[in-house]
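Lettering follows sequence order; numbering is per chain, from 1.
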There are 2 protein chains.
Amino acid sequence: MTAITSLPHPAIEDVRLTDVLFALSDPARLEIVRELADGPLSMAECGATNPDLPKSTKSHLMKVLREAGVVRNEPDGRRRVLSLRRSELDEAFPGLLESVLGARTDPVG
Amino acid sequence: MTAITSLPHPAIEDVRLTDVLFALSDPARLEIVRELADGPLSMAECGATNPDLPKSTKSHLMKVLREAGVVRNEPDGRRRVLSLRRSELDEAFPGLLESVLGARTDPVG
DNA sequence: GTCATGGTTCCATAATAGTTGAACCATCCT
DNA sequence: AGGATGGTTCAACTATTATGGAACCATGAC
């Protein structure tokens with residue numbers, strides 16, 4: 001049984017490359033993805049970089065990432081666990097996540 | 001000497017990953033990049049997929065790609081030659097272009 | 001049950017991005 | 001010089017996206 005509070009996630013075959021690229025094209029979202037690359041985090045744990053980000057805003061950033069197929073958002077007690085859909089994305093778009101996570105974010109110098 | 005009609009291009013060190021990802025996140029722009037992956041094209045040659053795209057619109061798409069650091073736009077007689085900044089991007093963001101160009105664009109099935 | 005916690009959703013507003021005709025500009029050709 | 005060609009820029013409009021407070025919803029603790 002799926003809990004009512006589960007949020008919809010696209011099947012990996014339905015994930016569009018351009019949507020993934022768009023989701024990753026925002027600095028705040030990319031930072032979240034970088035954090036999740038080290039393992040799942042709850043909402044509260046995630047986004048340590050932006051400590052004073054309103055929760056509705058953070059929730060919206062997560063929604064964009066989730067609907068693009070980049071992250072999973074699973075209920076766990078009264079928290080939610082965010083995780084990068086890494087293995088699925090690696091199959092769908094080989095090398096993409098690796099290159100993005102390995103790349104510099106800011107201009108050099 | 002640089003001709004007056006040259007357009008500004010960011011130095012590769014100043015190119016931001018998020019700007020590149022954003023530029024690639026639009027289907028029309030991504031299609032242009034795919035075409036340019038096979039070699040430089042003039043404006044008129046490029047965008048064969050969208051034959052009835054107004055030229056101002058196409059010019060704007062190119063501007064986004066150019067300002068993000070993805071393509072070069074060099075005057076050549078009364079035409080302009082568009083080219084992918086491939087080797088520069090490969091150095092700045094190893095593997096990124098390869099994975100994007102190699103990936104499927106549309107959902108499977 | 002009540003309450004605090006952790007989070008989503010709704011709504012209104014602000015900001016950014018896309019579209020396109022018209023005007024413009026430079027080049028080549030005669 | 002004039003005209004056609006290939007393209008950029010401008011301006012106005014539309015559309016999409018971001019932001020964040022307030023309301024709401026589950027869960028766990030008591």
Taking atom [atom2] of [N] as reference, at what distance in whole Å does atom [atom1] of [X] sit?
X        : N       : atom1 : atom2 : result
Leu24(A) : dT17(D) : CG    : P     : 15 Å
Arg79(A) : dT27(D) : CZ    : C1'   : 12 Å
Leu61(A) : dT19(D) : CG    : P     : 6 Å
Glu67(A) : dA18(D) : CD    : P     : 11 Å
Arg66(B) : dT8(D)  : CZ    : P     : 8 Å
His60(A) : dT16(D) : NE2   : C1'   : 11 Å
Glu45(A) : dG6(C)  : CD    : C1'   : 12 Å

(message) If we count only N and O atoms by modelled type, under 3.5 Å, do the side chains of Thr49(A) and Glu35(A) hold a donor and an acceptor together?
(response)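 The criterion, which ignores hydrogens and geometry beyond distance, is satisfied for Glu35(A) and Thr49(A).
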Measuring from the side chain of [X] (C-beta onward, heavy atoms only), which nucleotide among [options] has the closest atom?
X        : options                  : answer
Leu7(A)  : dT19(C), dT9(C), dG7(C)  : dT9(C)
Thr57(A) : dG6(D), dG7(D), dG20(D)  : dG20(D)
Lys55(B) : dC28(C), dT8(D), dT9(C)  : dT8(D)
Pro54(B) : dT20(C), dG7(C), dT27(C) : dT20(C)
Arg29(B) : dG18(C), dT19(D), dT9(C) : dG18(C)
Ser59(B) : dT8(D), dA29(D), dG7(D)  : dT8(D)
Phe22(B) : dA18(D), dG7(C), dG18(C) : dG18(C)

(message) Within the 4.0 Å heavy-atom criterion, would you say Asn73(B) contacts the bases, only the backbone, or no part of the nucleic acid?
(response)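 Sugar-phosphate only.
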(request) Just call it for Asp76(A): base, sugar-phosphate, or nothing, with non-hydrogen atoms closer than 4.0 Å on any strand. (result)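 Result for Asp76(A) = nothing.
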(request) Confirm from the modelled atom types if Ser56(B) and dG21(C) form a donor-acceptor pair under 3.5 Å, side chain to base only. (result)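 Indeed, a donor on one side and an acceptor on the other fall under 3.5 Å apart.
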(message) Check whether Ser59(B) reaches the backbone of Ser56(B) with its side chain - one donor and one acceptor, N or O, closer than 3.5 Å.
(response)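 A pair under 3.5 Å: no.
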(message) Working to the nearest 0.5 angstrom, can you tell me the gap between Asp26(B) CG and Leu65(B) CG?
(response)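 One gets 8.5 Å once the value is rounded to the nearest 0.5 Å.
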